[in-house]
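Residue numbers begin at 1 in each chain, while the letters A, B, ... track the order of the sequences. In this text the structure is predicted, and so the values were computed from the model without any measurement. FYI, side chains are in, hydrogens and waters are out, and symmetry mates aren't considered; it's all heavy atoms of this structure.
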Amino acid sequence: MFHSIEKQISSAFHAHIQVRYGIDLEVAIEQPRQSDFGEMAVPAAFQLAKQLRQAPRKIAGELAAEIGPIPGVAALEVAGNGYINIRLDRGAYAADLMRGESPAAGGSAEKIIVEHTNINPNKAAHIGHLRNATLGDTFVRMMRAGGQRVEVQNYIDNTGVQVADVVVGFHYLEKKSLADVQALLADPAVRFDYYCWDLYAHTSSYYKDHPESLPWRSATLHAIEAGVGEVAALAHLVADAVVKAHLKTMLRLDVEYDVLPRESEILHLKFWASAFELLKERKAIYSETEGKNSGCWVMPGLSEEGKVIVRSDGTVTYVGKDIAYQLWKFGLLGKDFYYRPLQTYADGRVLWVTTDEPTATGQQFGHGTRVFNVIDARQSYLQDVVVAGLRALGYNEQADQSIHFNYEMVALSPRCCADLGISLSEEDRKRPYVEVSGRKGLGVKADDLMDSLIAKALEEVSSRHPDDAAEKNLRVATQIAIAALRYFLLKFTRNTVIAFDLQEALSFEGETGPYVQYSAVRARNILRKLEERGEQLPDFGKELDSAAMARQLKSEDFWQMLLAASKVDSAVESAVHSGEPAHVARYAFQLAQAYSNFYQKYSIIHEPDRERKVFLLWMTDFFRAQLERTGSILGIQIPEYM
RNA sequence: GGGCGCGUAGCUCAGGUGGAUAGAGCAUCAGCCUUCUAAGCUGAGGGUCGCAGGUUCGAGUCCUGCCGCGCCUACCA
């Protein structure tokens with residue numbers, strides 16, 4: 001609503017300036033810092049001042065006097081040394097809001113692919129993975145809210161070194177057979193992903209103490225790549241089981257995917273071979289004959305010595321496979337996966353996984369026009385190599401549409417390490433934060449964190465609602481815990497290193513997810529209480545015409561609140577544009593704050609004046625709807641009670 | 001050495017394309033529950049926006065240099 005008026009005003013000024021001064025000016029609309037300056041401010045006079053060689057104030061005066069009426073606008077005022085401040089017609093604005101907005105047309109031909117989560121399937125997910133998944137999932141929700149077509153991919157590297165290391169742990173260190181590991185999986189007392197977490201750390205430290213055992217790793221990798229024998233079967237067993245655990249962990253956060261492209265299929269379907277031919281044919285890589293990279297296929301340009309794509313032993317590096325995958329995402333590889341359904345989510349969405357066997361499903365993925373790779377900032381260099389690869393192949397357009405949606409890592413604060421009983425080296429203790437390391441087994445497991453949050457929320461909920469069923473309280477506590485976690489991970493902008501602090505993450509007060517939920521729950525409570533008293537929710541359309549709205553909105557307080565609540569779309573759109581889910585989180589908080597304030601200040605159900613009461617109820621209902629909508633974009637559900 | 005990022009209140013962080021008196025949460029202090037849920041609300045204190053220049057009507061924001069911190073810079077992923 002707010003957004004469409006902004007556009008109207010901008011184009012009205014644009015047209016007028018074109019006619020009056022013959023200047024084609026992109027008219028910006030700002031929001032005044034002080035609310036009593038009006039709802040919008042046009043700084044166009046400043047921009048014109050240079051070209052016209054006149055004082056901004058004088059130009060602003062001319063513009064305001066001559067532009068004529070603009071629909072929805074009540075008044076134009078010249079202020080400061082050249083701002084034109086705009087006051088909207090409040091009654092008309094509110095009446096429009098009540099009528100409901102015309103849904104965003106959207107529906108462009110664009111198909112956006114977002115790849116996120118991408119956890120190596122060799123251990124339990126940790127807090128760093130949660131930041132990735134939450135960021136990716138929220139960004140997807142933001143774009144889908146704007147009517148975009150988005151496909152979510154979660155890449156599974158089920159044949160890599162990390163999986164191999166856990167297999168080494170089972171096979172060489174623990175001397176477990178395939179059947180032994182199957183038994184382990186069947187044992188309900190064992191959390192398999194946690195077991196692997198420890199085993200991975202164990203194997204890593206074993207290599208360190210016994211470097212002579214490193215050939216185990218390459219032998220295992222070769223067996224996995226060849227795809228035969230017990231070791232290969234073991235690798236599949238481990239990876240599949242851990243993937244299943246990750247999906248379950250992510251589902252707790254309401255994170256869903258459309259497809260899991262797996263490295264094993266990239267291997268078996270020879271995606272790399274196609275990409276390799278393409279790269280050679282178009283001279284994007286060359287065979288190095290001297291220096292330290294002698295015998296390798298190298299991509300030039302990125303560093304002095306170039307980036308090795310194919311090692312001297314003929315095996316391809318990770319980046320090479322990534323280039324093939326990126327080509328596939330754009331439909332440029334000339335090859336495709338086959339797919340089979342893996343599971344169906346509660347909302348009906350089907351999750352597919354790649355396979356190398358032809359299937360009759362007719363399902364298709366990929367062929368995107370834009371690709372977002374949600375990958376942490378430490379991998380910027382590799383992402384640059386992938387994009388450079390596309391460019392070297394002549395795919396400049398796709399290179400431009402390949403976006404590394406990067407974010408900084410989650411580290412642990414020293415206090416957090418102390419709380420968790422993690423002992424630090426002398427060196428680490430001096431640092432502002434400590435990097436999470438799967439290899440060292442250093443980190444906070446995602447499920448443990450969620451469990452702590454739920455336990456804490458449950459304590460609160462049951463003390464407030466001792467009479468409600470335990471099962472119901474648990475459901476509410478879970479919703480609160482997840483909201484707290486998602487909000488915590490989203491409130492930081494992407495390039496901020498999160499020094500994870502348990503105390504802070506466990507907080508449900510102030511700028512948190514539960515605060516947002518609480519505000520919406522209160523709004524709902526009022527509407528419910530009204531019905532419990534035997535009153536009916538008024539027919540707002542009938543009782544509040546624009547004249548009534550205008551009377552009520554003479555109150556600056558009400559007007560400012562309504563204005564704030566009507567900006568969901570512009571907030572989300574600008575957050576999509578800047579690629580910052582944190583901006584949506586912040587907006588949700590501001591919305592909640594505004595309603596909390598309103599709730600505290602005005603008595604709604606007990607308001608004696610009928611028109612005012614109906615208006616207050618309408619505001620309550622409007623806020624409720626806007627809070628729920630913004631919450632759902634953040635992946636935050638509003639509980640029944642709190 | 002090179003590349004990227006960061007430095008804003010005691011702490012943790014926001015501050016689209018330069019714009020009006022630099023904001024929020026936490027913490028601290030002082031108030032508000034017989035009245036729609038106190039996971040809340042009101043108020044107070046707290047700032048040389050790392051430092052120094054530059055660009056202009058105007059700089060936390062743009063440019064240069066310096067200082068401090070982090071990440072990356074593998075024939076690991």
Side-chain angles (χ1 to χ4, degrees), chain A residues 26 28 30 32-34 37 41 43 46 49-50 55-56 79-83 85 120 157 160-163 217 288 292-298 302-304 307-319 321-322 376-382 384 406 408-409 411 413 431-433 435 439 457 460-461 464-465 480 484 491-493 495-499 501 503-504 507-515 517-519 521-523 525-530 532-533 574-575 577-578 580 582-583 585-586 589-590 592-593 596-597 599-607 616 620 641-642:
Chain A
E26 187 70 30
E30 292 176 1
R33 193 159 294 209
Q34 274 174 265
F37 286 161
F46 293 106
K50 271 180 199 155
N81 38 357
Y83 276 102
N85 290 337
N120 273 304
D157 183 3
V161 175
Q162 302 220 22
V163 169
R217 175 191 273 171
E288 180 65 84
K292 73 174 180 103
N293 291 338
S294 177
C296 300
W297 284 90
V298 176
L302 287 137
S303 64
E304 273 176 47
K307 173 70 194 166
V308 172
I309 305 295
V310 180
R311 303 184 187 98
S312 52
D313 66 1
T315 58
V316 59
T317 59
Y318 177 80
V319 221
K321 285 178 268 189
D322 230 20
D376 80 88
R378 285 171 291 192
Q379 300 195 45
S380 293
Y381 176 63
L382 295 178
D384 289 346
N406 62 338
E408 278 291 348
M409 63 179 168
S413 72
R431 294 167 172 272
Y433 44 73
E435 202 171 335
R439 212 167 274 281
E460 288 280 336
V461 174
R464 287 157 201 248
H465 304 277
I480 292 169
K491 74 178 190 180
F492 300 94
T493 49
N495 53 14
T496 298
V497 176
I498 300 181
D501 188 281
Q503 318 274 330
E504 212 182 307
S507 166
F508 297 156
E509 287 163 21
E511 197 192 339
T512 64
Y515 177 94
Q517 291 175 310
Y518 190 63
S519 189
V521 164
R522 284 171 137 188
N525 274 350
I526 288 180
L527 301 171
R528 203 194 58 226
K529 269 273 159 50
L530 188 78
E532 279 172 15
R533 287 162 56 105
S574 79
H577 186 254
S578 60
E580 270 310 352
H583 293 166
R586 180 155 285 268
F589 175 64
Q590 284 167 353
Q593 230 176 4
S596 289
N597 195 295
Y599 179 94
Q600 186 77 23
K601 213 161 165 184
Y602 304 100
S603 176
I604 297 163
I605 289 179
H606 306 287
E607 169 58 45
L616 293 172
T620 293
Y641 54 87
M642 278 181 82

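Among the heavy atoms of the strands, none lies under 4.0 Å from A:Ser413. Heavy atoms of A:Val461 sit under 4.0 angstrom from at least one base atom. Across all strands shown, A:Thr496 has heavy atoms under 4.0 Å from sugar-phosphate atoms exclusively, and none from any base. Residue A:Asp157 is in sugar-phosphate contact alone, with no base atom involved, counting any heavy-atom pair closer than 4.0 Å across all strands shown. At a threshold of 4.0 angstrom between heavy atoms, the contacts of A:Val319 with the nucleic acid are absent. No engagement by A:Ala411 is indicated, since no non-hydrogen atom pair under 4.0 Å with the nucleic acid exists. A:Tyr433 comes within contact range of the sugar-phosphate backbone alone, with a heavy-atom separation under 4.0 Å but no base atom that close. Residue A:Leu530 is out of contact with every strand shown, counting any heavy-atom pair closer than 4.0 Å. Among the protein residues, A:Tyr518 comes within range of the nucleic acid bases, having at least one heavy atom under 4.0 Å from a base atom. Using a 4.0 Å heavy-atom cutoff across all strands shown, A:Asn120 reaches sugar-phosphate atoms only and no base atom. Backbone-only contact: A:Tyr515 has heavy atoms under 4.0 Å from sugar-phosphate atoms and none from a base. Across all strands, A:Asp376 comes closer than 4.0 Å to no nucleic acid atom at all (heavy-atom distances). Across all strands shown, A:Arg528 has no heavy atoms under 4.0 Å from either base or sugar-phosphate atoms.
Straight-line distance between the C1' atoms of B:rA44 and B:rU55: roughly 41 Å, to the nearest whole Å. Taking the P atoms as reference points, B:rG7 lies 24 Å from B:rG54, given to the whole Å. A gap of 24 Å separates the P atoms of B:rG23 and B:rU28, to the nearest Å. Between the C1' atoms of B:rC32 and B:rC51, the separation comes to 46 Å (whole Å). When the C1' atom is used for both B:rG18 and B:rC62, the distance is 7 Å, rounded to whole Å. Remark: the separation of the C1' atoms in B:rA9 and B:rC49 is 10 Å, to the nearest Å. A gap of 26 Å separates the P atoms of B:rC6 and B:rG47, to the nearest Å. Straight-line distance between the C1' atoms of B:rG2 and B:rA14: roughly 32 Å, to the nearest whole Å.
Remark: the A:Ser380 side chain and the B:rC4 base include no donor-acceptor N/O pair separated by less than 3.5 Å. For A:Arg586 against B:rA24, a side-chain-to-base donor-acceptor contact under 3.5 Å is absent.
Among all heavy-atom pairs drawn from A:Ser603 and A:His606, the shortest one is OG-CB, 3.4 Å. Between A:Asp501 and A:Ser413, the shortest heavy-atom contact is OD2-OG, 3.4 Å. Between A:Ala575 and A:His583, the shortest heavy-atom distance links the atoms CB-CB, 3.9 Å.
Taking the side chain of A:Asn495 as heavy atoms from C-beta on, and the options B:rA39, B:rC6, B:rC41, the nearest nucleotide is B:rC6. Distance from the side chain of A:Arg378 is smallest to B:rC71 among B:rC71, B:rC41, B:rA20. Considering only the side chain of A:Glu460, B:rA39 comes nearest among B:rA39, B:rC75, B:rA38. Considering only the side chain of A:Thr493, B:rG15 comes nearest among B:rC75, B:rG15, B:rA77. When the nucleotides B:rU12, B:rA77, B:rG40 are ranked by their closest atom to the side chain of A:Val161, B:rA77 comes out on top. Residue A:Ser312 has its side chain nearest to B:rC75 when only B:rC75, B:rA39, B:rA77 are considered. Nearest nucleotide to the A:Tyr381 side chain, out of B:rC75, B:rC72, B:rA77: B:rC72. Side-chain atoms of A:His606 lie closest to B:rU35 of the nucleotides B:rG15, B:rC13, B:rU35. The A:Ser596 side chain lies nearest to B:rG40 when the options are B:rG40, B:rU12, B:rA39. Proximity note for A:Ile604 (side chain, C-beta onward) versus B:rA39, B:rA74, B:rC36: the nearest is B:rC36.
With rounding to the nearest 0.5 angstrom, the NZ atom of A:Lys491 is 5.5 Å from the CD atom of A:Glu504. In this structure, the separation between CZ on A:Arg522 and CD on A:Gln517 is 14.0 Å, given to the nearest 0.5 Å.
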How does RNA chain B read in dot-bracket, base by base from 5' to 3', with Watson-Crick or G-U pairs under 3.5 Å and | used when the partner is on another strand?
(((((((..((((.....[...)))).(((((.......))))).....(((((..]....))))))))))))....

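A:Ser596 has its side chain out of reach of A:Tyr518: every pair of non-hydrogen atoms, C-beta onward, lies at least 4.5 Å apart. Using a 4.5 Å cut-off on side-chain heavy atoms (C-beta onward), A:Val461 and A:Tyr641 make contact. At least one side-chain heavy atom of A:Met642 sits less than 4.5 Å from a side-chain heavy atom of A:Ile480. Counting heavy atoms from C-beta outward, A:Ile526 and A:Ile605 have side chains that approach closer than 4.5 Å. Annotation: side chain of A:Ile498 is not in contact with side chain of A:Glu408 (no heavy-atom distance under 4.5 Å).
Judged by closest nucleotide on RNA chain B, A:His583 is the one of A:His583 and A:Lys601 placed further toward the 5' end.
Checked against salt bridge (Lys or Arg N to Asp or Glu O under 4.0 Å), A:Lys321 has the following partners two or more places apart in sequence or in another chain: A:Glu263.
None of A:Val319, A:Val298, A:Asn293, A:Asp384 except one satisfies the side chain to side chain contact (heavy atoms under 4.5 Å, CB included) rule with A:Lys307; the exception is A:Val319.
Taking only side-chain nitrogens and oxygens, A:Asn597 never comes nearer than 4.0 Å to OP1 or OP2 of B:rC41. OP1 and OP2 of B:rA38 both lie 4.0 Å or more from every side-chain N or O belonging to A:Arg464.
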Would you tabulate the nitrogen or oxygen pairs shorter than 3.5 Å linking the protein to nucleotides 25-34 of chain B?
from: B:rG25; atom 1: OP1; to: A:Gln593; atom 2: NE2; distance (Å): 3.3
from: B:rG25; atom 1: O2'; to: A:Glu511; atom 2: N; distance (Å): 3.4

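B:rC6: glycosidic angle beyond 90° from 0, hence anti.
Between the CG atom of A:Asp384 and the P atom of B:rG3 there is a distance of 14 Å, rounded to whole Å.
For A:Thr620 (side chain) and A:Ala523 (main-chain N/O), no donor-acceptor pair under 3.5 Å exists by modelled atom type.
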